[in-house]
Amino acid sequence: MIPFASLPAALPAFPFAPHAGTILVVEDEAFVCELAAEALLDEGFRVLTAADADEAEAILSSEQVDLLFTDIDLARNTNGIALAHRARRALPRLPVVYTSGGRDGLSPNEAVSRSVFVPKPYRTAQIVAVTHDLLRDRG
């Protein structure tokens, strides 16, 4: 199993603190997307959002992204696991956080390396902590 995080409508890009990093949140449930984006924005990250893998890939090809935070089962039958693998082909060092309400985790052969799984429902403090940890360790 990949590491398990156990710490206690698309939104536009928002202003961010310099050098905080850019996070791409891929989530097809608008309310959940907004909660995750707001938590990361409050920490000073620049946040981009997408509702499916197709939108996310367009963003990844045109923006500098420091971390991919993706739901696994997305709108229009797109998939966060496949998205992460395609993203890694273009950005080999991109940290990935997977989330899902329908799974307990991912096997190592499904997930990309240097990734973490956070089950839904999650606390926003969990995703903030995981994001900080992955970005700190990306060196």
Side-chain angles (χ1 to χ4, degrees):
M1 298 285 272
I2 66 168
F4 189 90
S6 57
L7 299 171
L11 298 173
F14 293 93
F16 65 101
H19 309 295
T22 300
I23 312 302
L24 174 56
V25 176
V26 187
E27 172 62 65
D28 57 350
E29 294 181 46
F31 182 71
V32 176
C33 184
E34 186 175 341
L35 285 175
E38 287 295 325
L40 294 165
L41 283 167
D42 288 348
E43 288 294 309
F45 293 104
R46 177 176 181 239
V47 178
L48 306 171
T49 63
D52 62 36
D54 295 337
E55 288 180 19
E57 288 185 62
I59 292 169
L60 286 165
S61 69
S62 64
E63 296 280 345
Q64 179 180 334
V65 173
D66 298 304
L67 184 138
L68 174 63
F69 180 87
T70 184
D71 190 15
I72 292 173
D73 299 311
L74 296 164
R76 298 194 313 218
N77 295 319
T78 60
N79 179 293
I81 296 170
L83 168 63
H85 282 277
R86 288 190 300 269
R88 275 292 183 82
R89 283 194 285 277
L91 303 163
R93 298 178 58 104
L94 182 69
V96 176
V97 177
Y98 295 101
T99 189
S100 177
R103 292 175 171 244
D104 292 332
L106 290 173
S107 66
N109 63 336
E110 288 179 295
V112 296
S113 61
R114 282 197 57 197
S115 62
V116 175
F117 179 82
V118 179
K120 288 181 183 177
Y122 50 75
R123 293 176 188 233
T124 55
Q126 285 178 283
I127 62 171
V128 167
V130 166
T131 299
H132 279 297
D133 288 347
L134 286 172
L135 291 178
R136 182 177 42 249
D137 295 340
R138 70 181 161 182

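Only a predicted model underlies this, so the values are computations on that prediction, with no experimental measurement involved.
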Any donor-acceptor N/O pair, Q126 side chain to R123 backbone, under 3.5 Å: yes

Return yes if some donor-acceptor pair links the side-chain N/O of R136 with the main-chain N/O of T131 below 3.5 Å, else return no. no

Residues L106 and F117: closest non-hydrogen pair is CG-CD1, 4.2 Å

Heavy atoms of D66 and G21 approach each other most closely as OD2-CA, 3.1 Å

Donor-acceptor check, side chain of Y98 to backbone of G105, threshold 3.5 angstrom: yes or no? no

Strictly distance-based, threshold 3.5 Å: is any side-chain N or O of D71 a donor or acceptor partner for the main-chain N or O of L74? no

Rounded distance [0.5 Å steps], CD in E27 versus CG in D52: 11.5 Å

Only residue of V25, V96, I23 satisfying side-chain contact (heavy atoms from CB on, under 4.5 Å) with L67 is I23

Out of V97, I59, L83, L91, which residue meets the side-chain contact (heavy atoms from CB on, under 4.5 Å) rule with L68? L83

Rounded distance [0.5 Å steps], CG in L48 versus CG in L60: 9.0 Å

Parallel, tilted or perpendicular: rings of H132 and F45 (30°, 60°): tilted

Check S100 against D73 and note the closest heavy-atom contact, atom names and distance. OG-OD2, 4.4 Å

Between D137 and R114, is the salt bridge (Lys or Arg N to Asp or Glu O under 4.0 Å) condition met? List the steps. CA-CA 10 Å; D137 295 340; R114 282 197 57 197; over 6 Å; no

Which atom names give the shortest non-hydrogen contact between L134 and P95, and what distance separates them? CB-CB, 4.0 Å

A58 versus S61, closest heavy-atom pair with distance: O-OG, 2.9 Å

Under 3.5 Å, is there a donor-acceptor pair between the side chain of R88 and the main chain of L94? yes

Given 3.5 Å as the limit, does a donor-acceptor pair link the side chain of E34 with the main chain of A30, or not? no

Before giving the answer on side chain to side chain contact (heavy atoms under 4.5 Å, CB included), spell out for Y122 and I127 the whole-Å C-alpha distance, their side-chain angles and the decisive distance to 0.1 Å. CA-CA 8 Å; Y122 50 75; I127 62 171; 3.8 Å; yes

Kindly say whether S107 contributes a backbone atom to a donor-acceptor pair with the side chain of E110 at under 3.5 angstrom? yes

Tell me whether D28 is salt-bridged to R76, with the criterion being a basic N under 4.0 Å from an acidic carboxylate O. no

Contact summary for A53 and T78, nearest pair of heavy atoms: N-OG1, 3.1 Å

Could you check whether any side-chain heavy atom of K120 comes within less than 4.5 Å of a side-chain heavy atom of E29, counting everything from C-beta outward? yes

Looking at V26, T99, V130, L24, which one forms a side-chain contact (heavy atoms from CB on, under 4.5 Å) with F69? T99

Ignoring hydrogens and angles, tell me if any N or O in the side chain of T22 forms a donor-acceptor pair with the backbone of V65 under 3.5 Å. no

Yes or no on side chain to side chain contact (heavy atoms under 4.5 Å, CB included) for Q64 and R46, after CA distance, side-chain angles and deciding distance? CA-CA 11 Å; Q64 179 180 334; R46 177 176 181 239; 5.8 Å; no

